[in-house]
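Predicted model only: the values in this text are computed from it and were never measured. Counting starts at 1 for both ligands and their atoms, following the listed order. One-based numbering along the sequence shown.
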Amino acid sequence: MRVGDTPYRTLWVAADGRAVEIIDQTRLPFEFVVETLETLEDAARAIRTMQVRGAPLIGVTAAYGLCLALGQDASDAALTRARDLLFETRPTAVNLRFALDVMVETLRDVPPADRLPLAYARAAALADEDVALCRAIGEHGVSLLEAVHARGGDPVNVLTHCNAGWLATIDWGTALAPIYVAHERGIPVHVWVDETRPRNQGASLTAWELGEHGVPHTVIADNAGGHLMQRGRVDLCITGTDRTTATGDVCNKIGTYLKALAARDNGVPFWVALPYSTIDWSVEDGREIPIEERGPDELSRVTGRTDDGRIEGVSILPPASAVANPAFDVTPARLVTGLVTERGLCDASREGLAGLYPEGPGAVPSASA
Ligand code: MRU
């Protein structure tokens, strides 16, 4: 998508054909900084510190992290060590495991001397596939916005939580893909952007990328969504997901569940957008999904730009107060109106998912993606 007039992806291979360049998301919205990842450790740190984030982007970054590792040492032991290091970076988004499994499967039976070019080719294919999947999610999901518009919704008001836009993927995004496609087709759309405490992915990232792309939006406090729904100012909600169970429960950024409850109480459709790589077929019940606990600083400190242009962090809590920081929650399938995937829309249920993905865990992108 566009940053100014320039189209970008979130990650690409550097001119030397070896290093990997990323947009450092910890610097947005104040500074647009491209950082070069040279080593496995750089890639692991970028994921852990959330310079890159969002389930699909985490997966592709990990795939390139393996490439960087193999550039140093392509032995079996190094492959296993790199896989394990990357797998430990973040626990909730299942795309991380998905991408590492794909890479290890591709490389395992290949002689070490031949691994490196194959690794880069497979990682590039994962990145390109992610773009195609997200674009297909947009093509399917836009029908939801078109339907509201046809009923007289002008603009179509969509509420989203966290950042599930192009910054969370390689391009297009998941939840925001239908919005970008609607914008492209001239459907008037306006996005209510939850600020998404504690890390403010909505305020810092979703608002930034929508703004760069020219999509009308308004940032709201996380607590405002229910009120706006009561007043009829939200036509539909669309969020992303970091892991979706085989039965349609969705695990997403903390606070998603509360939005789904408010949506249900107000008769507002609550849709969740995802590619097949976010489905964990091995989990039946969302309560089994590991929920990442992040450090207290995300709550106790906020970073912003001062009036004279400096970027500064400040404390906002009494120093002695305890802090708990679960980073994700689970929205049970019964609160989800439906899922938007690269293969189309379906119920958030075992039957719905099985209808779209009859091959289950063996799912691969369909021709349309
Ligand atoms: O902790 P993050 O920022 O990596 O979490 C990402 C999310 O939860 C997003 O909301 C998103 O919906 C899932 S990734 C497309």
Side-chain angles (χ1 to χ4, degrees), residues 1 10-11 22-26 28 46-62 89-99 130-131 133-135 137-138 141 158-180 191 193-209 222 225 237-244 250-260 270-280 286 289-295 298-299 325-331 336 339-342:
M1 307 303 285
T10 49
L11 170 154
I22 57 160
I23 298 168
D24 182 350
Q25 300 190 21
T26 62
L28 292 171
I47 299 171
R48 202 180 303 110
T49 63
M50 296 176 66
Q51 289 178 294
V52 290
R53 38 141 311 277
L57 178 57
I58 288 170
V60 177
T61 308
T89 50
R90 294 198 65 195
T92 301
V94 77
N95 304 59
L96 177 62
R97 186 181 78 201
F98 162 83
D130 185 64
V131 178
L133 293 169
C134 289
R135 173 74 204 191
I137 288 169
V158 184
L159 183 144
T160 192
H161 190 68
C162 193
N163 172 259
W166 71 273
L167 289 171
T169 63
I170 298 297
D171 206 353
W172 291 99
T174 56
L176 295 197
I179 290 163
Y180 287 127
V191 185
V193 178
D194 281 356
E195 60 175 351
T196 318
R197 283 284 289 151
R199 270 192 89 97
N200 291 329
Q201 288 96 326
S204 301
L205 303 176
T206 301
W208 180 81
E209 66 163 87
D222 287 327
C237 303
I238 314 180
T239 74
T241 164
D242 290 80
R243 194 183 298 218
T244 301
V250 294
C251 182
N252 194 52
K253 182 54 54 190
I254 193 78
T256 303
Y257 171 52
L258 291 177
K259 293 303 144 70
F270 188 91
W271 290 87
V272 177
L274 65 143
Y276 80 100
S277 48
T278 303
I279 305 168
D280 187 344
I289 296 172
I291 301 293
E292 180 176 13
E293 284 281 341
R294 294 191 63 88
E298 290 182 352
L299 260 98
N325 188 13
F328 297 91
D329 61 23
V330 173
T331 300
V336 178
L339 305 175
V340 186
T341 80
E342 76 281 0

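At least one heavy atom of Arg90 sits less than 4.0 Å from an atom of ligand 1. The closest approach between any non-hydrogen atom of Thr239 and ligand 1 is not below 4.0 Å. Arg199 does not count as a contact of ligand 1, since none of its heavy atoms falls under 4.0 Å from the ligand. The closest approach between Pro56 and ligand 1 falls below 4.0 Å for a heavy atom of the residue.
Remark: ligand 1 and Thr174 share no N or O pair separated by less than 3.5 Å (distance only, no angle test). Checking only distances, Asp242 does come within under 3.5 Å of ligand 1, N or O to N or O.
In this pair, Trp166 and Trp208 present their aromatic rings tilted. The plane angle is within the 30 to 60° band.
Results of the side chain to side chain donor-acceptor pair (under 3.5 Å) test with Thr278 over Thr174, Asn95, Thr244 single out Asn95 as the only residue that passes.
The nearest heavy-atom contact from the protein to atom 12 (O) of ligand 1 is Asn252 OD1, 2.8 Å.
Evaluated by nearest non-hydrogen atom to atom 10 (O) of ligand 1, the leading choice among Gly54, Cys162, Ala93, Cys134 is Cys162.
Of all heavy-atom pairs between Ala177 and Gly173, the closest is CB-O, 3.3 Å.
For ligand 1 and Phe328, the ligand atoms under 4.0 Å from any heavy atom of the residue are 1 (O), 5 (O), 8 (O).
Side chain of His161 to backbone of Gly240: no donor-acceptor contact under 3.5 angstrom is found.
Between Arg97 and Asp280 there is a salt bridge, since at least one side-chain N of the basic residue sits less than 4.0 Å from a carboxylate O of the acidic one. Salt bridge absent: Arg197 and Asp222 never bring a charged side-chain N and a carboxylate O closer than 4.0 Å.
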